[in-house]
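Only one structure is covered here, and it is reproduced in the block below.
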There are 2 protein chains.
Amino acid sequence: MLKTRTVQRTTLIQPREQPRQMSVELPLGQILDGDCVEAMRSIPSGTIDMIFADPPYNLQLGGDLDRPDGSRVDAVDDDWDKFASFATYDDFTQRWLGEARRILKPNGSIWVIGSYHNIFRVGTAMQDAGFWILNDVVWRKSNPMPNFKGTRFTNAHETLIWASMGEKAKYTFNYRAMKTLNDELQMRSDWVLPICGGQERLKKGGTKVHPTQKPEALLYRVMLATTNPGDVVLDPFFGTGTTGAVAKRLGRQWIGCEREGNYREAALERIESALPLDESALKVMQSKRSAPRVAFGALVEAGYVPAGSTVTDKKRRFSATVRADGSLVSGKESGSIHGLGASLQGAPSCNGWTFWHMEGEKGLQPLDDARQLYLLATED
Amino acid sequence: MLKTRTVQRTTLIQPREQPRQMSVELPLGQILDGDCVEAMRSIPSGTIDMIFADPPYNLQLGGDLDRPDGSRVDAVDDDWDKFASFATYDDFTQRWLGEARRILKPNGSIWVIGSYHNIFRVGTAMQDAGFWILNDVVWRKSNPMPNFKGTRFTNAHETLIWASMGEKAKYTFNYRAMKTLNDELQMRSDWVLPICGGQERLKKGGTKVHPTQKPEALLYRVMLATTNPGDVVLDPFFGTGTTGAVAKRLGRQWIGCEREGNYREAALERIESALPLDESALKVMQSKRSAPRVAFGALVEAGYVPAGSTVTDKKRRFSATVRADGSLVSGKESGSIHGLGASLQGAPSCNGWTFWHMEGEKGLQPLDDARQLYLLATED
DNA sequence: AGACTATTTGAATCCGTTA
DNA sequence: CTAACGGATTCAAATAGTC
């Protein structure tokens, strides 16, 4: 099912020249087969809005590792994570970053995720290539694998680097959406999210399809923060397609590169069944609103209350749609769960947690029930 | 008040040669004046247990470029500036890391703290110099400065890199002490600590003495985790002496390097008034690995576990008889308490001390209880 | 059904000493 | 250098099994 679409291409030949617009064909919604550097060569220059890259970490693991209970840890021992030396890894990094930089729009941005094994080398290569680091973001895992031998600190986080094309380059940052998602507080550079498991983890015959599948909530926040609906997102290390699945949910265009056939197959099947959200749910808050006390947005992000779902009051007199950033919209009015509840009732204030309900297994249940579940799952 | 003390110096000239001990003079409790690379040259090789470094990273900010030696780089061309700035910074980093590596003991370790501006370059330089990264630790600030312009994520963390001298090198890690500090859970790689303020923040005439004074709690955890009392800690970028103040409190020796006279002055005054903890308070939880070994046979010999008695696992699925030499026999199989336990379970290994139990006053008790009694009775 | 317990598992540079 | 061996070492969440 090959699909191409005409998109606007922006080039910036010389610094003072106005960006020119021209029409090019992009392989939207496709997974390009083969090495990512080769695959990216088929993409015209200056056409991609955002790149999310999850390159091999070059873990350099030694022997086997047993848990205290005697079971064996399933190590990442795939060939694609083996490099002869730091120099080999640096060369690999420079090559794919070079192509990434070529195909990004002048106002595009790039995200790369890694661990201490590789992230310092990646960050250095990004700076050397001319990228301008905007933030390093720490993914704090709520349920990391322990250090079984008691030899170091529990490796409980991974690092993401977010960078623009240069010091003076513009970039997309949906500040208001992030603030709404974070309970009216500025979104910080440390994000607490669980690792990918449970129903979300792709499995085939009881075993995981990909050893390092990333959680959709991570990509959700990345895309919501730094892209707009309709933007083209490219992932050079597509794996089982988390980037594609979230892009589809959030109304973004996507392109993947992946050389492993079984990963491509699993990714296509997965993205096929992903449900895009309503357009109204994708609009992010534009105006300032009063501060809810608890981050309803985190529940939306984590899937406790899906974006696009409908909430009502107990007597079903009012209803509203949940948007991607955790705000509600009802007709022409929008706001936080508290603000919109108060506004619709003509009341001075409203506790949105008890006012709004959603259909659950036990019938209509207040949002507060979901909050309790979330608190139980995320509390330190 | 110059003070020198004789310490043990460990050198490892050639791989197969035994470390030699010799007496050298170290400027303990002193702040060396001048550039840190020059200052470290006066320290003998292989004499320092741990280095904590908080290098400057404002070398390419704000348009004005300062060389590490304090001179100004002329602004010429944007790209050239950036390249020159990174190259200059890398050269500076390589030079001070090289000296740091020379003066560290073979089993010493190094900590470096930084932000996204410099930490990737520092981490790459550390790996290239042969250091082996043990963890990257995220200091998550509980009260960071907001991003006033709303253009990025709130920069709410800094990164620390902890590394040993090489892949095979040993290092100090007080695992039990960290676990105790963290409410009996493994200490993670993300630490939540407030920034330095209040009474702790050094001020003179209402303004802060140092722009990036680190909180003592941060150094406290670093030193408690990776040094022992009496160890020598060196800080090449001493500033206002947080490292020295905490070292004094925790009964560690310290050496600082600082070229700014007003920082040295403030640091000396501060450290003078720091109160060292009682020796008893310095003791931390020790891991069992560091406890003296006890042969099970010694317990049999001493009558703590009579020869001929029966031991079982906790669920009484396996049982064995204790023989006079401290071996166990179960049916046709026999072996050490560990070997037989592993063999019976089909496990790769087994801790016989906690696996095997014997009938005691309080019901089934692990052999480890008898070991503790034996240790108490035989210790000096 | 529901409460409780047991099992499984996740990007991991994961032991130390002696022969 | 490798091999042997004593024995130290795990957290959160999802899932499966049991009462």
Side-chain angles (χ1 to χ4, degrees), chain A residues 54-78 80-81 113-119 139 141-159 194-201 203 206-208 210-215 239 361 376-380, chain B residues 15-16 127 131-136 163-164 166-168 170-171 173 175-176 179 182-189 286-291 293-297 315 326 335-339 341-342 347-356 367-368 371:
Chain A
D54 182 12
Y57 288 7
N58 188 22
L59 287 187
Q60 302 178 260
L61 300 181
D64 292 326
L65 178 61
D66 291 329
R67 296 189 179 82
D69 65 4
S71 62
R72 175 73 45 92
V73 172
D74 184 18
V76 178
D77 54 0
D78 306 70
W80 49 253
D81 196 45
I113 184 169
S115 67
Y116 67 84
H117 309 84
N118 72 322
I119 198 66
W139 167 26
K141 303 180 183 181
S142 56
N143 51 346
M145 181 155 69
N147 181 290
F148 295 115
K149 303 296 188 190
T151 57
R152 306 178 178 190
F153 299 100
T154 307
N155 197 2
H157 74 276
E158 293 188 24
T159 301
I195 60 177
C196 182
Q199 295 294 324
E200 187 185 332
R201 188 86 194 210
K203 288 178 184 170
T207 58
K208 55 194 176 192
H210 194 284
T212 68
Q213 185 182 339
K214 296 290 177 290
E361 296 173 0
L376 283 173
T378 58
E379 71 184 350
D380 300 334
Chain B
R16 294 193 184 168
Q127 289 180 315
F131 288 109
W132 190 252
I133 298 180
L134 298 166
N135 277 114
D136 62 333
S164 69
E167 181 174 1
K168 307 292 185 188
K170 293 180 184 174
Y171 56 89
F173 182 54
Y175 174 76
R176 279 296 320 173
K179 188 166 177 176
N182 195 39
D183 197 20
E184 290 307 310
L185 288 179
Q186 286 191 339
M187 186 67 81
R188 298 165 42 115
S189 59
Q286 296 293 314
S287 72
K288 282 190 174 176
R289 224 169 240 146
S290 61
R293 278 198 179 186
V294 176
F296 181 62
K315 294 179 181 174
S336 70
I337 55 173
H338 314 295
S349 68
C350 167
N351 183 342
W353 292 109
T354 52
F355 177 72
W356 294 108
L367 295 184
D368 204 34
R371 177 169 62 159

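What you see is a predicted model, and the numbers here were worked out from it, not measured in a lab. Only heavy atoms go into these numbers, but all of them, side chains included; no hydrogens, no water, no symmetry mates.
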Next on the checklist: Working to the nearest 0.5 angstrom, can you tell me the gap between A:N147 CG and B:S189 OG?
Outcome noted: 10.5 Å
Item to check | Distance between P atoms of D:dT15 and C:dA11 (Å, rounded) | outcome: 15 Å
Checklist entry - Which is it for A:S115 and A:E158 under the side chain to side chain donor-acceptor pair (under 3.5 Å) test, yes or no, and what are the steps along the way? => result CA-CA 5 Å; A:S115 67; A:E158 293 188 24; over 6 Å; no
Next on the checklist: Check this for me: B:E184, atom CD, are more than 12 non-hydrogen atoms of other residues, nucleotides or ligands nearer than 6.0 Å?
Outcome noted: yes
Item to check | Rounded distance (Å) that lies between atom C1' of C:dT8 and atom CD1 of A:I195 | outcome: 12 Å
Checklist entry - Atom NZ of B:K315 to atom C1' of C:dT7: distance rounded to whole Å? => result 11 Å
Checklist outcome for this item: Per-nt protein contacts along nucleotides 12-19 of chain C (heavy atom under 4.0 Å; B base, S backbone sugar-phosphate only, - none) come out as BBBSBS--
Next on the checklist: So A:C196, base contact, sugar-phosphate only, or nothing? Heavy-atom distance under 4.0 Å.
Outcome noted: nothing
Checklist entry - What does C:dC4 pair with, Watson-Crick or G-U, if both distances are under 3.5 Å? => result D:dG17
Item to check | Pairwise P distance, D:dA16 and C:dA1 [rounded to whole Å] | outcome: 16 Å
Checklist entry - Base, sugar-phosphate alone, or nothing: which one does A:S115 contact when heavy atoms must sit under 4.0 Å apart? => result nothing
Next on the checklist: Base, sugar-phosphate or nothing for A:W139? Non-hydrogen atoms, less than 4.0 Å.
Outcome noted: nothing
Next on the checklist: Need one value for A:P215: base, sugar-phosphate or nothing, where a base atom within 4.0 Å counts as base even if backbone is also close, heavy atoms only.
Outcome noted: nothing
Next on the checklist: Given C:dA11, D:dA13, D:dG6, identify the nucleotide with an atom nearest to the side chain of A:W80.
Outcome noted: C:dA11
Checklist entry - How long is the gap from OG1 on B:T354 to NE2 on B:H338, to the nearest 0.5 Å? => result 9.0 Å
Item to check | Length of the CD-P vector between B:Q286 and D:dG7, whole Å | outcome: 18 Å
Next on the checklist: How many whole angstroms separate atom CH2 of B:W353 from atom C1' of D:dG6?
Outcome noted: 10 Å
Item to check | Derivation and outcome, side chain to side chain contact (heavy atoms under 4.5 Å, CB included), residues A:L65 and A:K149 | outcome: CA-CA 9 Å; A:L65 178 61; A:K149 303 296 188 190; 3.7 Å; yes
Next on the checklist: Please report the distance separating the P of D:dG7 from the corresponding atom of C:dA12, rounded so that it comes out in whole Å.
Outcome noted: 30 Å
Next on the checklist: By the 4.0 Å heavy-atom rule, please label B:R188 as base, sugar-phosphate, or nothing.
Outcome noted: nothing
Next on the checklist: Closest-nucleotide mapping onto DNA chain D: is A:D69 or A:K203 further toward the 5' terminus? I mean the 5' end.
Outcome noted: A:D69
Checklist entry - So which nucleotide from D:dC11, D:dG6, C:dG10 ends up closest to the side chain of A:R67? => result C:dG10
Checklist outcome for this item: Atom CG of A:D81 and atom C1' of C:dA11 are separated, to the nearest Å, by 8 Å
Checklist entry - Looking only at side-chain N and O atoms, does B:S336 come under 4.0 Å of OP1 or OP2 in D:dG6? => result yes
Checklist entry - Base, sugar-phosphate alone, or nothing: which one does B:D368 contact when heavy atoms must sit under 4.0 Å apart? => result nothing
Item to check | Base-pairing assignment for D:dG7 (Watson-Crick or G-U wobble, both under 3.5 Å) | outcome: none
Checklist outcome for this item: Against the side chain of A:D54, the closest entry in D:dA8, C:dA11, D:dA13 is C:dA11
Item to check | B:M187 CE to D:dC11 P, straight-line distance once rounded to whole Å | outcome: 12 Å
Next on the checklist: Quick check for you: to the nearest 0.5 Å, what is the distance between A:I119 atom CD1 and A:N58 atom CG?
Outcome noted: 12.5 Å
Item to check | Interatomic distance, A:Y57 atom OH to A:W80 atom CH2 [nearest 0.5 angstrom] | outcome: 9.0 Å
Checklist outcome for this item: Closest to the side chain of A:Q199, out of C:dT9, D:dT9, D:dT15, is D:dT15
Checklist entry - How many angstroms lie between atom CZ of A:F148 and atom CG of A:D66, to the nearest 0.5 angstrom? => result 10.0 Å
Checklist entry - At what distance, to the nearest 0.5 angstrom, does NZ of A:K214 lie from CH2 of A:W139? => result 6.0 Å
Checklist entry - Which part of the nucleic acid, if any, lies within reach of B:K179 when heavy atoms closer than 4.0 Å are counted: base, sugar-phosphate only, or nothing? => result sugar-phosphate
Next on the checklist: At 4.0 Å (heavy atoms only), tell me whether A:D66 reaches a base, stays on the sugar-phosphate, or touches nothing.
Outcome noted: nothing
Item to check | Protein-nucleotide distance (B:K288, atom NZ; D:dG6, atom C1'), rounded to Å | outcome: 14 Å
Item to check | C:dC14 to C:dG10 separation - C1' atoms, rounded to the nearest Å | outcome: 15 Å
Checklist entry - So, is C:dT13 syn or anti if syn means the angle is within 90° of 0? => result syn
Next on the checklist: Please name the nucleotide paired to C:dA11 by Watson-Crick or G-U wobble geometry with both distances under 3.5 Å, or report none.
Outcome noted: none
Next on the checklist: I need the CD-P distance between A:E200 and C:dG10, as an integer number of Å.
Outcome noted: 14 Å
Next on the checklist: Rounding to an integer number of angstrom, what distance separates D:dA13 and C:dT13 when you compare their C1' atoms?
Outcome noted: 26 Å
Checklist entry - Touch check for A:G198, heavy atoms < 4.0 angstrom, all strands: base, sugar-phosphate only, or nothing? => result sugar-phosphate
Checklist entry - Just checking B:T354: base, sugar-phosphate only, or nothing, at a heavy-atom cut-off of under 4.0 Å? => result nothing
Checklist entry - Rounding to the closest angstrom, what is the interatomic distance between C:dT18 and D:dA8 at atom P? => result 16 Å
Next on the checklist: Contact between B:Q186 and B:R188 at the side-chain level, heavy atoms closer than 4.5 Å - yes or no?
Outcome noted: no
Item to check | D:dG6 OP1/OP2 closer than 4.0 Å to side-chain N/O of B:H338 | outcome: no
